[in-house]
2 protein chains.
Amino acid sequence: MTSTKERILNTSLALFNREGERNVTTNHIAEALGISPGNLYYHFRNKGTIVAALFERYSQNLLALLEAPQGPLTWTIKTHYFEGLLASMWQYRFFHRDLTHFLHADPALAARYQAFVEVVLERGLVIYGELRSSGIIAVDDEQLQGLMVNTWVLMSSWAALVHGLRPDAAADEALDESLMRHGIYQIICLEEPFLRGEAREHLEEMKARYRAVDTTSALLLGHVPGLDRTGSE
Amino acid sequence: MTSTKERILNTSLALFNREGERNVTTNHIAEALGISPGNLYYHFRNKGTIVAALFERYSQNLLALLEAPQGPLTWTIKTHYFEGLLASMWQYRFFHRDLTHFLHADPALAARYQAFVEVVLERGLVIYGELRSSGIIAVDDEQLQGLMVNTWVLMSSWAALVHGLRPDAAADEALDESLMRHGIYQIICLEEPFLRGEAREHLEEMKARYRAVDTTSALLLGHVPGLDRTGSE
DNA sequence: TGACTCCTAGAGTAATTACTCTAAAAATCA
DNA sequence: TGATTTTTAGAGTAATTACTCTAGGAGTCA
C-alpha cells in the first residue's frame with residue numbers, strides 16, 4: 001500500500017510525462033488521484049517541491065545505476081547498461097523536456113542539477129575509460145571527452161527530441177519502446193568509429209538489434225508511412 | 001524605421017531568449033516596448049501567433065542558409081558554414097528550448113516543424129554527401145545517416161543544454177559566443193573519426209579554433225572556477 | 001475641410017490556477 | 001474509552017494573465 005505522498009509523485013510523473021508539466025495543474029493532479037487539492041498541499045508545500053522530489057528520485061535512480069559495480073566490461077554489456085540508463089531517463093522524460101524552466105524557477109534545483117551532471121559525466125568517463133583499457137575502444141583523452149559529452153547530449157535530449165517530432169508517441173507504449181531503441185542506435189553510431197576487437201565483431205549484430213526495425217520508428221530519417229503531415233498553413 | 005510589428009517580434013525574441021517564453025507575458029512585452037497591450041493585440045491575435053511568426057523567421061532563415069549554393073566544398077568551408085547555422089539557431093534559441101510546449105499547444109505549428117526538420121535533414125545529407133564525394137569524409141550510407149541525425153540532435157539541443165548548465169550565460173554576450181564555439185567543437189568531435197585528406201590536415205587547427213579557449217567555457221567537463229555551486233539543500 | 005483607414009492607448013474582464021483555511025474524519029496512543 | 005496527532009476534504013481567495021473593447025489620435029486622400 002503506497003502512501004498518499006508516493007501516489008502523488010507517481011501520478012504527477014505520469015501526467016507530466018504525458019501532458020508536459022506546464023499543462024498539468026495541481027488541481028488536475030488531485031483530481032486524477034481522487035483526492036482534494038488541500039490534501040495535495042498537505043503533502044507538498046507547492047508544485048515546485050513535487051518537481052524537486054521527482055528530480056531527486058530521478059537523479060538517485062540514475063546515480064545508483066552509474067555506481068553499480070560492473071565486473072569485467074564488454075561492449076555488449078556496456079550497451080545493455082546504457083539501455084538501462086536510457087530507460088530510466090525515459091521514465092522521467094518530462095524533466096529534461098522542461099528543464100530550463102525548472103532551473104530558472106528554482107536556483108537550488110539548478111545547483112543540484114549541475115552537480116548531478118558533473119557526477120554523471122565523471123562516472124561516464126570512468127566507464128569509457130574502462131572500455132579503453134580493455135581495448136574495446138581506441139581513443140585519446142581528448143576524443144574520450146568529446147565522445148562523453150556527445151553521448152550525454154544525445155541521452156539527455158533524446159526524449160525531448162522524439163517528443164517534438166512525434167507528439168503522438170506519448171499515447172503509444174510500443175512506439176515509445178521503439179523510439180527509445182533508436183536512441184541506443186544513435187549512441188552506437190557515435191561510438192562505432194572507435195570500436196575495436198570484440199566490439200567490432202558484435203557491431204552489426206548490435207546495430208541490427210537497436211535499429212528501427214518496424215517502419216513506425218523511422219522517425220528522423222525516412223518518411224513515416226501512415227503518418228502524413230497533418231494540418232498545414 | 002522598423003514597423004511596430006517588427007519591433008514586437010524583435011523584443012519578444014529578445015525577452016523569450018533571456019527569460020524563457022513561459023516567463024514573458026504579453027503585458028510584459030508591451031511594457032518593454034513602451035506600447036499598450038491593446039496595441040500589441042492589434043498586431044498579433046494572440047501570444048501564439050508571435051511564437052509562430054518567430055518560428056517562421058527562424059525556419060526561413062535557416063532554410064535560406066541551407067539552400068545557398070556552396071561551390072566546391074572543403075571541410076574548412078563546411079565548418080564555417082555550420083558555424084553560421086549554429087549562430088542562426090542560437091539567435092532563436094528560445095524555440096528549441098520550449099519546443100515541446102509550442103508543438104503541444106499548436107498542432108499546425110507542429111506540422112510545420114516536422115516538415116522543417118525533414119528538409120533540414122535532407123539538405124544536411126546532401127552536404128555530407130558532397131563531402132564524401134570529395135573524399136573528405138569516409139562513411140557508408142548508414143554511417144552518413146547516423147552522423148546526420150547526431151549532428152542535428154547536437155545542434156538543436158545545444159542551446160538548451162548550455163542554458164540548463166549555465167543559466168547565467170544569458171546575461172553575458174562573451175560567454176554566449178564562447179559556448180557556441182564549444183558547440184562547433186562537439187560537432188567536430190562527431191566527425192573527426194571519419195575525416196580524410198584535407199580535413200585531417202586541418203583537424204588540429206580547427207579543433208584549436210573552436211576548443212574552449214578561456215576557462216569560462218569549460219562548461220561541461222572541467223570545473224568552472226569562480227562558479228562554485230551556489231545554494232544547496 | 002471632411003471622410004476614411006490605420007494605428008494606438010489603456011482601462012477592464014473572464015478565466016485560470018497556485019495555494020489557504022477551517023473543520024472534520026481516521027488513525028494512534030493513554 | 002478519551003485525548004492527541006495525522007490525514008483528508010472542499011470551499012474559497014488572491015494574483016496572474018491572456019485577451020477585449022471603446023474611444024480617440026494620426027496619416028492620407030478628396
Side-chain angles (χ1 to χ4, degrees), chain A residues 1-55 94-95 97-109, chain B residues 1-55 94-95 97-109:
Chain A
M1 235 218 46
T2 49
S3 69
T4 305
K5 198 161 185 173
E6 284 300 315
R7 286 170 55 227
I8 292 175
L9 287 179
N10 292 335
T11 345
S12 299
L13 178 58
L15 291 175
F16 288 169
N17 279 338
R18 177 139 37 92
E19 315 282 346
E21 179 268 351
R22 192 177 181 173
N23 304 305
V24 177
T25 73
T26 49
N27 294 346
H28 191 153
I29 298 169
E31 197 189 11
L33 272 165
I35 68 172
S36 66
N39 192 357
L40 187 148
Y41 278 89
Y42 171 78
H43 292 284
F44 292 95
R45 201 168 65 262
N46 53 40
K47 199 182 175 188
T49 57
I50 296 180
V51 172
L54 284 173
F55 169 70
F94 85 97
F95 186 73
R97 226 145 72 188
D98 293 322
L99 183 66
T100 47
H101 179 255
F102 297 146
L103 304 190
H104 185 95
D106 181 350
L109 183 60
Chain B
M1 236 218 48
T2 48
S3 69
T4 305
K5 198 161 183 171
E6 283 299 315
R7 285 170 56 226
I8 292 174
L9 287 178
N10 292 334
T11 342
S12 298
L13 178 58
L15 291 175
F16 288 169
N17 279 337
R18 180 140 35 93
E19 315 282 346
E21 180 269 351
R22 191 177 183 175
N23 304 305
V24 177
T25 73
T26 49
N27 295 346
H28 191 153
I29 298 170
E31 196 189 14
L33 272 165
I35 67 171
S36 66
N39 193 358
L40 187 148
Y41 277 89
Y42 172 77
H43 291 284
F44 292 94
R45 201 169 64 261
N46 55 40
K47 198 183 174 187
T49 57
I50 298 181
V51 171
L54 285 173
F55 169 69
F94 84 96
F95 185 73
R97 228 145 70 189
D98 293 322
L99 185 65
T100 46
H101 179 256
F102 297 146
L103 304 189
H104 186 95
D106 181 351
L109 183 61

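So that the names make sense, note that chain A is the first sequence line, chain B the second, and so on, each numbered from 1. Just so it is clear, the model here is predicted, and its values are computed rather than measured.
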Please determine whether salt bridge (Lys or Arg N to Asp or Glu O under 4.0 Å) holds for the pair B:Arg97 and B:Glu21, giving the CA-CA distance in whole Å, both sets of side-chain angles, and the decisive distance to 0.1 Å.
CA-CA 9 Å; B:Arg97 228 145 70 189; B:Glu21 180 269 351; over 6 Å; no
Would you say the side chain of B:Ile50 lies within less than 4.5 Å of the side chain of B:Leu40, judging by non-hydrogen atoms?
yes
Can you measure B:Lys47 atom NZ to D:dA18 atom C1' for me and round it to whole angstrom units?
9 Å
For A:Phe44 and A:Lys5, run side chain to side chain contact (heavy atoms under 4.5 Å, CB included): C-alpha distance rounded to whole Å, both residues' side-chain angles, the deciding distance at 0.1 Å, then the answer.
CA-CA 8 Å; A:Phe44 292 95; A:Lys5 198 161 185 173; 3.6 Å; yes
Within this structure, what is the CD-to-P distance between A:Glu21 and C:dA18, rounded to whole angstrom?
8 Å
According to a strict under-4.0 Å criterion, is A:His43 in side-chain N/O contact with OP1 or OP2 of D:dT6?
no
Atom-to-atom span, CZ of B:Phe44 to C1' of C:dC7 - whole angstrom
14 Å
Where does the angle between the aromatic ring planes of B:Phe102 and B:Phe95 fall among parallel (under 30°), tilted (30 to 60°) and perpendicular (over 60°)?
parallel
Counting just side-chain N and O atoms, does B:Tyr42 come under 4.0 Å of either OP1 or OP2 of C:dT8?
no
Shorter than 3.5 Å, N or O on both sides, protein versus nucleotides 9-17 of chain D: list them out with atom names.
{"from": "D:dA9", "atom 1": "OP2", "to": "A:Ser36", "atom 2": "N", "distance (Å)": "2.8"}
{"from": "D:dA9", "atom 1": "OP2", "to": "A:Ser36", "atom 2": "OG", "distance (Å)": "3.4"}
{"from": "D:dA9", "atom 1": "OP2", "to": "A:Asn39", "atom 2": "ND2", "distance (Å)": "2.9"}
{"from": "D:dA9", "atom 1": "N7", "to": "A:Ser36", "atom 2": "OG", "distance (Å)": "3.2"}

Are OP1 or OP2 of C:dT20 and a side-chain N or O of A:Tyr41 less than 4.0 angstrom apart?
no
Over all strands shown, is B:His28 touching base, sugar-phosphate only, or nothing at heavy-atom distances under 4.0 angstrom?
nothing
Closest listed nucleotide, where the reference is the side chain of B:Asn46 and the choices are C:dC6, D:dT7, D:dC19:
D:dC19
B:Arg7 and B:Thr2: which non-hydrogen atoms are nearest, and at how many Å?
CG-OG1, 3.4 Å
Give the intermediate values and the outcome of side chain to side chain contact (heavy atoms under 4.5 Å, CB included) for residues A:Phe94 and A:Leu54.
CA-CA 10 Å; A:Phe94 85 97; A:Leu54 284 173; 3.8 Å; yes
May I ask you to evaluate whether A:Thr4 reaches the phosphate of D:dT8, defined as a side-chain N or O under 4.0 Å from OP1 or OP2?
yes
